[in-house]
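Only one structure is covered here, and it is reproduced in the block below.
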Protein chains: 2
Amino acid sequence: MKISHAARQAGLPVKTVRYYADIGLVKPAGRSMSGYREYDEAGLAKLGFVRRAREFGFSIEECRELLSLYEDRDRASSDVRTIASAHLAEIEEKQRQLAALRDELAYLVKTCQGNDRPDCPILDRLG
Amino acid sequence: MKISHAARQAGLPVKTVRYYADIGLVKPAGRSMSGYREYDEAGLAKLGFVRRAREFGFSIEECRELLSLYEDRDRASSDVRTIASAHLAEIEEKQRQLAALRDELAYLVKTCQGNDRPDCPILDRLG
DNA sequence: CCTAATCTTTCCAGCAGGGGGAAGGTCAAG
DNA sequence: CTTGACCTTCCCCCTGCTGGAAAGATTAGG
């Protein structure tokens with residue numbers, strides 16, 4: 001299977017699949033005689049796996065770890081859970097920051113009358 | 001006032017202040033005879049303004065717009081409100097995505113027993 | 001006055017996570 | 001045989017900085 005087919009099946013741009021090959025995240029099964037990357041079913045599954053993990057916000061390095069656990073039929077589920085829990089904690093921290101930010105900004109937007117007068121609590125708050 | 005003093009006062013790294021000067025966001029008032037950047041009180045205020053706006057998650061380009069409004073004593077508060085509202089909408093969209101992500105990931109982590117057996121709903125979900 | 005430490009400058013390189021596009025090789029259909 | 005759709009490598013671009021090297025400026029101490 002050539003790269004565009006694999007990319008389409010996995011739901012990823014061709015550029016991204018090539019990038020994942022370059023950084024050694026998901027390597028093609030081999031190369032054709034003319035140098036084309038060749039993907040098999042296993043590679044396809046890994047590409048899809050990475051796409052979904054990325055959609056979950058896992059970083060490339062986290063994907064690398066998850067992928068090695070995914071391929072290791074003898075791994076313990078606690079290893080996976082550790083990575084996922086850490087990521088979950090990061091997400092929740094980000095949520096807290098975002099919520100605080102939103103509240104403060106929403107207050108400013110609400111307070112600002114948004115008319116043609118120069119008085120503006122938003123700028124007052126920033127300046 | 002030389003760059004390290006201005007940076008310290010504004011609460012920014014020197015590198016960042018230099019970067020802001022390079023991209024024309026906050027230019028120094030002038031240069032000393034030996035080529036050192038010189039900042040005055042107005043520049044200091046702008047650096048602090050940008051730092052706070054960045055903490056609010058405004059992009060550099062948004063900061064550029066806010067800064068020009070900040071300097072324009074005749075601007076309408078609605079102009080500022082427009083930028084801030086757009087940014088607020090972005091934040092809220094990000095919050096929704098993050099919440100959905102968190103819920104799904106939290107469910108998986110909760111479901112995963114995290115023992116030494118290979119069964120793992122997290123990997124099942126990704127693979 | 002000399003020296004060493006601490007500024008400052010410029011430029012170069014790089015991080016994540018790719019995107020865009022050029023220059024050139026390949027392959028199947030008509 | 002030609003056309004068009006692939007594929008390859010290559011390098012630059014993005015955001016928002018951060019680090020480092022090399023070289024000049026200033027300042028404190030002896």
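In the text below, chain A, chain B and the rest are named by the order of the sequence lines, each starting its count at 1.
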Categorize I23(B) for me: base, sugar-phosphate, or nothing, with a 4.0 angstrom heavy-atom threshold over every strand shown. nothing

Below 4.0 Å: OP1/OP2 of dT8(C) and any side-chain N or O of S34(B): no

May I ask you to evaluate whether Y20(A) reaches the phosphate of dG17(C), defined as a side-chain N or O under 4.0 Å from OP1 or OP2? no

Going by an N to O cut-off under 4.0 Å, is there a salt bridge joining R37(B) and D22(B)? yes

When rounded to whole Å, the CZ to P distance for the pair R8(B) and dT6(C) reads 14 Å

Atom CD of E62(A) and atom C1' of dA16(C) are separated, to the nearest Å, by 13 Å

If I take atom OH in residue Y19(A) and atom C1' in nucleotide dC11(D), what distance separates them, rounded to the nearest angstrom? 16 Å

Report the nucleotide, chosen from dG16(D), dT26(C), dT26(D), that has the shortest atom-to-atom distance to any side-chain atom of Y36(B). dT26(D)

Counting heavy atoms not belonging to E41(A), are there more than 12 under 6.0 Å from its CD? no

Nearest-nucleotide 5' precedence on DNA chain D, K15(B) against F58(B): F58(B)

Kindly say if R31(B) contacts the phosphate of dT10(C), meaning a side-chain N or O under 4.0 Å from OP1 or OP2. yes

Given dG18(C), dG16(D), dC7(C), which nucleotide is nearest the side-chain atoms of R54(A)? dG18(C)

Spacing between K2(B) atom NZ and dT26(D) atom P, to the nearest angstrom: 8 Å

Below 4.0 angstrom, N of the basic side chain to O of the carboxylate: do R102(A) and E92(B) qualify? yes

Expressed as a whole number of angstroms, how long is the span from H5(A):NE2 to dC6(D):P? 12 Å

Here the distance between atom C1' of dG25(C) and atom CZ of R37(A), to the nearest Å, is 14 Å

Cluster question for you: counting only ILVMFWY and a side-chain heavy-atom cut-off of under 4.5 Å, with indirect links fine, are Y19(A) and Y36(A) together? no

Of the listed nucleotides dC6(D), dG18(C), dT8(D), the one nearest the side chain of I60(A): dG18(C)

Looking at R64(B) and E61(B), is there a salt bridge between them, counting it only when a charged N and a carboxylate O are closer than 4.0 Å? yes

When we call it a touch if two heavy atoms are under 4.0 Å apart, what does S32(B) touch: a base, just sugar-phosphate, or nothing? nothing

Rounding to an integer number of Å, can you tell me how far D22(A) CG sits from dC15(C) C1'? 17 Å

Look at R18(B) and dT10(C) and indicate whether a side-chain polar atom (N or O) is within less than 4.0 Å of OP1 or OP2. no

Want to settle it: does M33(A) or T16(A) sit nearer the 5' end of DNA chain C, counting the closest nucleotide to each? T16(A)

